[in-house]
Amino acid sequence: MEISNEEKIQSIIAREDKFNPLTDEEISGKMDVLRETVTNLRKKLDIPNSRERKKEMLVKEVAKLLSEKGGLSIRELTSELEVRGAVVTGFLLEEIINNLSYYKEKYSIETELSNKENTFSRLIGFERSLSKSIKQAKASLLYPPFGLSTLIIGESGTGKTLFADCMYDFAIENNIIKMGSPYVTLNCADYADNPQLLLSILYGYKKGSFTGADEDAPGLVEKADNGILFLDEIHRLPPKGQEILFTLLDKGKFRRLGETYNERSAKVLFLCATTENIESSLLVSFRRRIPMVISIPSLEERSIEEKIELAFSFFQEECNRTNLKIFVDCKVMEAFVLKKYLGNIGQMRSEIKVTCANVYVENIGNKSNEIHIGLNEILYNNIFSDSLNFDSSSIIKIKSLINNAVFFPNMNENKMPIRRVTNENYDISRDIYHEIQKKYHEMKSLNVGIKETKKILWTYILNTFHKIESEAVSNEEMENNDIESLVDKKILTIIDEFILSVAQEKKQKNIVNRNILNHLCIHLNEVIQRIKFKQIIINPNLIKIKNEYSEEFNMAKILVDKLEKEYQICIPDDEIGFIAMYMKALKQTESKDNKIGVIVLSHGKVATEMVSVANQLMNVDFPIAIDMPLAENPSKILEKTIEIAKIIDNGNGILFFSDMGSLVNIGEVVTKRTGIKTRTIDRVDIVTLIDAVRKIYISESTLDNIYFNIVNSRYIISESNSVLDKGKPSVIVTLCLTGKGFALRIRQKILEIYNGLEIIPIGMMTQNIFEEINVIKQVYNIIAIIGTVNPEIEGVNYLQYSDDLIKSKYLDVLIHKAAFNVQKNVLNKDFIILNKNYKSKDELLAHAYSLLYNGGFVKKDYLNSLKQREEMNTTFAKGGIAIPHGLPSYVSETTLMVIKLKERINWDKEHRKVDIIFIPVVKGNDIKLINKIFKIIRTTEILEKLRKSNNKAEIYSIINDIVSE
């Protein structure tokens with residue numbers, strides 16, 4: 001029987017080196033068929049390409065190594081993988097580790113250790129800040145024959161006791177000690193001043209050894225035999241107390257108090273913990289007997305994501321304790337994450353508990369099953385006074401991650417609320433002068449000239465205030481009691497009187513933006529504190545501000561005079577300059593987009609000359625020039641560029657122009673290092689630079705639009721100006737140099753984002769391209785040809801292919817202008833939930849709602865509308881399917897959630913059971929999505945596929961084929 005090509009491909013891939021999988025080209029060589037044939041058959045069989053197959057294997061190995069050996073460095077992981085035959089770059093490994101949870105879920109990976117409960121995984125940060133500590137703990141416990149004595153160090157409240165508990169559980173999981181082995185704890189602080197009492201507690205005593213010793217008694221050491229003895233606050237033991245432990249630590253031998261000859265043995269693993277400096281608090285002779293020292297990081301050393309997870313977990317604890325649904329305003333969560341805690345995690349946990357308790361008491365008579373924690377509810381406790389960390393980068397990141405959150409009792413699997421970033425919001429640093437100083441010294445250390453430094457810092461100052469203006473217009477106003485919690489009331493009074501007097505003088509009303517006024521109040525509060533602590537204020541652009549904003553500077557002087565009299569301080573001109581910038585911003589009543597940054601880099605002095613010409617011709621000053629002398633070390637130029645990019649970026653990205661060589665990839669490097677969105681145009685010339693400056697200055701185009709407009713203008717031979725024939729449908733042609741292989745790939749990439757597009761793939765060498773294009777023109781309006789080589793066809797737009805182009809607004813605008821009937825994907829892999837068990841429909845709906853609400857897809861009342869809909873009439877459908885849905889008015893963004901249950905649950909009063917639930921979250925009554933779900937329900941074959949599949953990617957593919965039709 002002849003073997004089919006499909007079977008040949010499966011057989012070849014099954015035998016390939018998993019770490020170095022075969023490309024389609026290599027497989028086609030083995031089969032003696034065209035590469036395009038292999039590609040098409042592989043896709044038909046739903047087999048990933050070689051890169052994806054390699055990544056899946058790497059993820060499996062990385063997950064396995066981290067589970068077995070704890071936190072490994074990139075270098076150690078690289079070495080371990082090389083032993084297994086895998087060659088991998090450090091960059092790819094870092095990307096895998098940073099997104100390991102996502103990839104494990106994507107590839108449905110469960111390591112051997114994660115199949116049974118891996119106790120350390122319950123610690124927040126086990127794969128990040130605690131990875132090194134966990135690796136040390138595992139090494140200590142697994143060391144033969146019975147582990148190593150271990151000292152756990154860290155500040156108070158960092159979680160040392162919990163970490164010791166996890167070490168005990170790990171020892172049981174790995175058969176180091178038997179199930180049920182003793183775990184005995186002793187707080188040494190209780191016996192710090194009485195070594196004799198400590199001796200009797202630890203080792204026990206013999207009858208008659210002291211008054212009251214009426215019978216023999218074992219000590220903690222004997223009780224901990226074949227188990228673990230945890231000595232907390234070991235630093236509280238005086239030298240004599242530490243010496244008492246020497247014989248036990250050295251030989252495992254001891255005597256009860258009062259015994260002279262009867263030496264006893266105990267097999268005990270010692271764990272100790274301390275908050276103190278071990279060099280000064282513990283004897284050298286004691287320290288050398290404890291070979292393993294594990295440091296637990298403070299809360300301040302934890303990442304922002306970990307702080308959010310911790311706060312989220314503590315709110316969930318209180319939700320479980322009160323058995324009430326808890327809504328937490330995102331501002332509250334931000335405040336808890338921003339706060340500096342001297343007591344670390346323990347203090348955060350305690351303050352969240354107190355906050356919940358106070359709100360609980362206030363609502364105790366309302367007979368409601370839910371409580372709401374907003375900023376107003378917690379400010380009176382003064383929890384956040386003088387302790388918030390107002391670092392601008394932290395605030396920006398936190399705002400991008402946190403959304404409003406809802407907690408349901410006993411829903412411990414709920415994830416932290418991560419906001420999907422749909423736009424970039426900025427918050428001004430509470431300490432702008434500190435940022436100016438910092439950036440000034442950064443420029444100085446990079447040997448940037450005074451003139452260029454002032455220009456860069458001026459750009460930074462303008463960008464900062466533009467951010468305030470844009471945010472203040474678009475956001476809701478801060479409540480008066482909110483601002484009062486952050487600012488001295490005397491400042492508010494002075495500001496109100498000042499604004500009133502200005503308004504009367506100018507005979508105007510509402511001349512200011514209230515939100516910007518709030519920013520000014522917060523800033524002035526910081527100014528006064530800074531001056532009181534005699535901190536220097538530097539404004540390197542003071543002369544420029546005085547010249548260009550003279551009216552605002554004079555207004556600022558009037559305000560400063562009032563502040564100086566009230567607070568008995570002297571405010572320098574440098575600070576008056578900053579206040580003048582606020583005065584200018586106060587007059588703005590409309591939001592305005594910030595300019596895209598422009599940086600020109602070149603070898604020699606070309607960049608400076610080119611920017612000088614552009615500035616003079618266009619009468620602008622925002623492009624920045626960076627020259628690279630031929631003898632200069634490229635790494636120095638890179639560091640300088642990165643620092644300048646961080647300063648001039650205003651959130652809309654940076655357009656780089658470079659000439660050649662190592663500078664061509666500068667944008668990519670800057671993005672990786674800073675997260676700033678960049679685009680780079682190589683082979684820069686003065687005409688292109690002037691064109692870019694003009695577009696940026698006069699238009700509201702995005703970085704992508706301008707970039708693709710400039711790049712593709714190099715390839716468009718003759719842009720068609722003809723009006724589209726309304727009688728013809730529109731089409732995009734994708735182009736491959738050889739066969740249709742790459743053209744098909746481009747088509748697939750586009751269809752992953754845009755459903756309903758008509759796309760025709762063609763190959764340049766397999767057919768007469770000019771004839772083929774003419775044939776297509778007879779039937780379609782050709783919007784553009786997308787490929788890697790320009791076919792130079794007159795009257796047809798050509799777009800250079802890149803992944804960035806497919807995702808860009810440039811293509812989005814082009815597609816929608818062409819009147820395509822397209823629909824963006826609404827299926828979200830995060831909302832495909834498999835093999836879950838729920839006790840009831842209410843629990844299922846609550847869990848689904850929490851994921852949707854915490855993700856920002858629905859509004860607060862969506863759950864109520866879900867339940868009201870269920871009360872009106874059942875949403876049960878034939879075949880064990882349910883389609884619960886809420887009102888569109890409570891939907892923020894359309895999506896589809898699919899839940900496949902492990903066991904069926906009752907859905908309605910007639911006790912009909914369901915195992916697959918579709919939740920269409922529809923904005924604006926999008927009936928198309930509902931109809932597509934009905935199509936799935938009516939098709940028995942599709943339902944059977946869904947029931948048989950336990951793979952999230954496969955279920956996504958099955959449903960997406962229908963939803964994207």
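The basis for the numbers below is simple: all heavy atoms, side chains too, and nothing from hydrogens, waters or symmetry mates. These figures come from a predicted structure and were not determined experimentally.
Residues Val606 and Ser602 share a closest heavy-atom pair of CB-OG, 3.3 Å. Taking each heavy atom of Pro297 and Ser129 in turn, the nearest pair found is CG-O, 3.9 Å.
The closest donor-acceptor contact from the side chain of Asn344 to the backbone of Leu299 lies under 3.5 Å. With hydrogens and angles ignored, the 3.5 Å screen pairs no side-chain donor or acceptor of Glu300 with any backbone N or O of Lys340. Panel note: side chain Thr680, backbone Gly667; a donor-acceptor pair is recorded below 3.5 Å. Side-chain atoms of Tyr549 never come within 3.5 Å of backbone atoms of Gly577 as a donor-acceptor pair (strictly under, hydrogens ignored). The closest donor-acceptor contact from the side chain of Thr678 to the backbone of Ile654 lies at 3.5 Å or more, if one exists at all. A donor-acceptor pair under 3.5 Å links the side-chain atoms of Arg302 to the main chain of Ile124, judged by distance alone. A donor-acceptor distance shorter than 3.5 angstrom exists from the side chain of Thr671 to the backbone of Ile676, with no hydrogens or angles considered.
No side-chain heavy atom of Val527 sits less than 4.5 Å from a side-chain heavy atom of Phe578. Looking at heavy atoms from C-beta onward, Leu524 lies in side-chain contact with Leu559 at the 4.5 angstrom threshold. Proximity of Val598 to Val611: side-chain heavy atoms (C-beta onward) are nowhere separated by under 4.5 Å. Side-chain atoms of Leu342 and Gln347, non-hydrogen and from C-beta on, do get closer than 4.5 Å to each other. Using a 4.5 Å heavy-atom threshold, the side chains of Phe312 and Met333 count as touching. Proximity of Glu306 to Leu130: side-chain heavy atoms (C-beta onward) are nowhere separated by under 4.5 Å. By the 4.5 Å heavy-atom criterion applied to side chains, Asn554 and Lys557 are counted as neighbours.
Exactly one of Leu655, Ile666, Ile626 qualifies for a side chain to side chain contact (heavy atoms under 4.5 Å, CB included) with Ile599. That residue is Ile626.
For Ile569, the CD1 atom sits in a packed shell: over 12 heavy atoms of surrounding residues, nucleotides or ligands are nearer than 6.0 Å.
A distance of 9.0 Å separates CD1 of Ile153 from CD1 of Ile296, quoted to the nearest 0.5 Å.
With no hydrogens or angles considered, no side-chain donor-acceptor pair links Glu155 and Thr158 at under 3.5 Å. With 3.5 Å as the limit, one finds a donor-acceptor pair spanning the side chains of Thr608 and Asp627.
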Exercise. Would you sort out whether Arg673 and Glu639 count as a salt bridge (Lys or Arg N to Asp or Glu O under 4.0 Å), showing the intermediate values?
Key: CA-CA 10 Å; Arg673 290 275 295 274; Glu639 294 304 321; 3.1 Å; yes

